[in-house]
Trainee: 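Sharing a structure, written as structure tokens. Questions coming.
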Amino acid sequence: MTGSSTEESRQVAAAAALVRLGSWLTERGLKHSRQRDVIVETFFGMGGHVPVDGLVARVRALDARVSVATVYRTMKLLAECGIAVPRRFDDGQTRYEPASGRAHHDHLICTGCGRIVEFENEKIEELQIRVAHGQGFEVDSHKLELYGRCERCRRGDAGSKDARP
Ligand SMILES: [Zn+2]
Ligand SMILES: [Zn+2]
């Protein structure tokens, strides 16, 4: 079953993130908090590109004492110490994805069901750099987002609205 190994790798990633966050906080003389740990574990458990409000709902179902502001603050902290990367696609929601050990990638976003697919293409990467060079630019970073409808939505599958990642 691939499901259990995914689950396992998410737990490993969460544990590694907690260690990293812990030392990052210690270096700065900041306190650890159990609430923050719950947020980090929940975030990694959800996998993929997690909308902050979705994370808030999940965390508060586990522990209603965690405030919305704490979740937002914690995710900003994770971005600051390089554990998570914030993403903002056309729907205006802030999403976070785990950063640790991952290469650069771009995104395909389904405007029908909200599905987000990651891709990497060496030719596209090279071409972008070449285009920039042609204009005298040196590229530091880029984000490529392709919007459209996924295979499921194009087939008109019922229930695809529930298939959000
Ligand atoms: Zn779709
Ligand atoms: Zn991604």
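The structure presented is a predicted model; accordingly, all values stated were derived computationally and were not measured. Quick note: numbers below take in every heavy atom, side chains included, and nothing from hydrogens, waters or symmetry partners. Counting starts at 1 for both ligands and their atoms, following the listed order.
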Trainee: Taking atom types as modelled, find out whether Thr74 and Arg36 have a side-chain donor-acceptor pair closer than 3.5 angstrom.
Mentor: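 No donor-acceptor contact under 3.5 Å links the two side chains.
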Trainee: Can you give me the SG-the Zn ion (ligand 1)-SG angle for Cys150 and Cys110, to 10°?
Mentor: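 About 110°, to the nearest ten degrees.
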Trainee: What is the OE1(Glu97)-the Zn ion (ligand 2)-NE2(His105) angle, to the nearest 10 degrees?
Mentor: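 Once rounded, the angle between the two atoms at the Zn ion (ligand 2) is 80°.
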Trainee: Can you tell me if His142 and Gln128 form a side-chain donor-acceptor pair at under 3.5 Å?
Mentor: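 On atom types as modelled, these side chains qualify, holding a pair under 3.5 Å.
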Trainee: By atom name, which N, O or S atom of Glu118 is the nearest to the Zn ion (ligand 2)?
Mentor: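 Atom name returned: OE2.
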Trainee: Is there side-chain contact between Leu146 and Leu144, with heavy atoms separated by less than 4.5 Å?
Mentor: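 Leu146 vs Leu144: side chains touch.
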Trainee: Test of geometry: compute the angle NE2(His49)-the Zn ion (ligand 2)-NE2(His107) and round it to 10°.
Mentor: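 That angle works out to 90° after rounding to 10°.
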Trainee: Without hydrogens or angle criteria, can the side chains of Ser67 and Thr70 be said to hold a donor-acceptor pair below 3.5 Å?
Mentor: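 Yes, because at least one side-chain N or O of Ser67 sits under 3.5 Å from a partner of the opposite role on Thr70.
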Trainee: Judged by modelled atom types alone, do Glu97 and His107 share a side-chain donor-acceptor pair under 3.5 Å?
Mentor: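 Side chains of Glu97 and His107: pair found under 3.5 Å.
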Trainee: May I have the angle between Cys153 SG and Cys113 SG with its vertex at the Zn ion (ligand 1), rounded to 10°?
Mentor: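 With the Zn ion (ligand 1) as the vertex, SG (Cys153) and SG (Cys113) sit 110° apart.
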